[in-house]
Amino acid sequence: MRVGVIGCGAIGSVIVKAARLEGFAEIVALYDKHVEKAQKLAENAFVAKNFDEFIDIDMDVVVEAASQQAVEAYAEKILERADLMMMSVGALANDELLNRIERAAKKNNRRIYLPSGAVAGLDALKSVSSVADEVVLTTRKNPASLKGAPFFDIYGINPNEIKGETLLFEGSARQAVKLFPQNINVAAAVSLAGIGFDRTKVRIIADPKIKTNIHEVRVKGEFGEIVAITNNVPSQQNPKTSYLAALSAVRTLKNIGQRIVVGT
Ligand SMILES: NC(=O)c1ccc[n+]([C@@H]2O[C@H](COP(=O)([O-])OP(=O)(O)OC[C@H]3O[C@@H](n4cnc5c(N)ncnc54)[C@H](O)[C@@H]3O)[C@@H](O)[C@H]2O)c1
């Protein structure tokens, strides 16, 4: 499987190193807007100076591990040439972009892979999505990890002044992704796997005592109840990204080339 990677940061570099070490994919091309980051990982791969050079390379799958802007700018062009594995899943909270990307995949007969990323439980959530009555994602983070979220300006709250465990937000995933863009990938993955952005409830809790990012997915319906808790250690290269997200990307890429795929 010939793979190209856009974005050579925390997730991209884990993918490239794992593919070389384990041999499940041949990394043929790399592109990063900071070209030196791609050069550092290059070995035998072609290092593109711009997207047009990158997309000219013959590839089976392109991995996007860059940004939501990269998804907006490149996804449709990628789908004309290759399948797409996307890490910046939060970009799909925009219905118009989601529809465009889905149309491009259909037109070109391509597949789009969205790894579970930093959250567990999506396998079971996918299975029960047609019969789930309630999906609640509760995210706990240190207030420092939530800094910069538009929520704080809108409600006049200073994250430095949060002293104990505090429920900051409770509402739909659709509202949550606007107020807390830092949580957007997990909220988007849960919404897309389950019952959508409007019916999925999100709770954001700030807790100055914790250093990890904790996501709890709770699903109820006629099938029973699912509770999946993930206690995430941040990636060393990018503290905003959980190490699990990179591992999940590697697993998804491995699945593409496997004859037996375990799990839903
Ligand atoms: N699905 C999930 O659960 C999950 C979890 C963590 C991160 N993410 C997302 O994955 C993406 C990558 O995360 P990361 O931690 O590796 O980030 P990072 O900042 O460590 O690396 C991203 C790299 O992409 C490059 N880049 C950004 N925009 C680009 C563009 N338009 N064109 C070319 N290169 C570009 C940057 O220069 C950087 O080197 C982010 O969008 C992040 O939000 C998803």
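Because the structure is predicted, anything quoted here is derived from the model rather than measured. When a ligand or atom number is given, it counts from 1 through the structure's own listing order.
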> Any salt bridge between Arg140 and Glu165, counting N to O under 4.0 Å?
Replying inline: yes
>> Between Arg218 and Glu225 (salt bridge meaning N to carboxylate O under 4.0 Å), is one present in this structure?
In response: yes
>> Keeping Asn213 on the side-chain end and Lys141 on the backbone end, is there a donor-acceptor pair under 3.5 Å?
In response: no
>> Quick check for you: to the nearest 0.5 Å, what is the distance between Ile210 atom CD1 and Ser145 atom OG?
In response: 8.0 Å
> Looking only at N/O atoms, are Gln69 and ligand 1 under 3.5 Å apart anywhere?
Replying inline: no
>> Give the atom numbers and elements of ligand 1 that come within less than 4.0 Å of a heavy atom of Ser88.
In response: 10 (O), 11 (C), 40 (C), 41 (O)
>> Give me the nearest non-hydrogen protein atom to atom 20 (O) of ligand 1 as residue plus atom name, then the distance to 0.1 Å.
In response: Ala10 N, 2.9 Å
> How close does the nearest protein non-hydrogen atom get to atom 43 (O) of ligand 1, and which residue and atom is it?
Replying inline: Asn185 ND2, 2.9 Å
> Hey, is Ala245 touching ligand 1 through its side chain, its backbone, both or neither, going by heavy atoms under 4.0 Å?
Replying inline: side chain
> Under 4.0 Å from any heavy atom of Ala118, which atoms of ligand 1 are there?
Replying inline: 3 (O)
>> Hydrogens and angles aside, do Arg251 and Asn255 bring a side-chain donor and acceptor to less than 3.5 Å of each other?
In response: yes
> Which protein non-hydrogen atom lies closest to atom 31 (N) of ligand 1, naming both residue and atom, and how far is it?
Replying inline: Ala70 CB, 3.6 Å
> What is the nearest protein non-hydrogen atom to atom 33 (C) of ligand 1, stated with its residue, atom name and distance?
Replying inline: Lys33 N, 3.3 Å
> Does Asp83 reach the main-chain N or O of Val61 with its side chain, forming a donor-acceptor pair under 3.5 Å?
Replying inline: no
> Which residue from Val186, Val14, Thr241 reaches closest to atom 14 (P) of ligand 1 through any of its heavy atoms?
Replying inline: Thr241
>> Suppose we measure from atom 32 (N) of ligand 1 to each protein heavy atom; which comes out shortest, and what is that distance?
In response: Tyr74 OH, 3.5 Å
> Got the closest protein heavy atom to atom 26 (N) of ligand 1, with its distance?
Replying inline: Ala66 CB, 3.7 Å
> Given side chains that start at C-beta, do those of Leu92 and Leu114 come closer than 4.5 Å, heavy atoms only?
Replying inline: yes
> Within a radius of less than 6.0 Å around NZ of Lys209, do more than 12 heavy atoms belonging to other residues, nucleotides or ligands occur?
Replying inline: yes
> Should one rank Asp32, Ile11, Leu244 by closest heavy-atom distance to atom 37 (O) of ligand 1, which comes out on top?
Replying inline: Asp32
> Hey, what's the ring geometry for Tyr31 with Phe54, parallel, tilted or perpendicular (30° and 60° as the breaks)?
Replying inline: tilted
> At what distance is the nearest protein heavy atom to atom 28 (N) of ligand 1, and which residue and atom is it?
Replying inline: Ser67 OG, 2.8 Å
> Does ligand 1 have an atom that lies less than 4.0 angstrom from a heavy atom of His34?
Replying inline: yes
> What do you reckon, does Lys37 put a non-hydrogen atom under 4.0 Å from ligand 1?
Replying inline: yes
> Is ligand 1 under 4.0 Å from a heavy atom in the side chain of Asn238, in the backbone, in both, or in neither?
Replying inline: side chain
> Is the count of non-hydrogen atoms from other residues, nucleotides or ligands lying under 6.0 Å from Glu22 atom CD greater than 12?
Replying inline: yes
>> Students should be able to answer this: which protein heavy-atom is nearest to atom 21 (O) of ligand 1, and at what distance?
In response: Gly9 CA, 3.2 Å
>> Any atom of ligand 1 sitting under 4.0 Å from a heavy atom of Ala65?
In response: yes
> Do Gly7 and ligand 1 have an N or O pair less than 3.5 Å apart?
Replying inline: no
> Between Asp133 and Lys220, is the closest basic N to carboxylate O distance under 4.0 Å?
Replying inline: no
> So which bit of Val89 gets within less than 4.0 Å of ligand 1, heavy atoms only: side chain, backbone, both or neither?
Replying inline: side chain
> Can we say Glu36 and Lys40 salt-bridge, meaning some charged N sits less than 4.0 Å from an Asp/Glu carboxylate O?
Replying inline: no
> Taking everything shown except Asn158 itself, do over 12 heavy atoms lie less than 6.0 Å from its CG?
Replying inline: yes
> Met87 to ligand 1: N or O pair under 3.5 Å?
Replying inline: yes
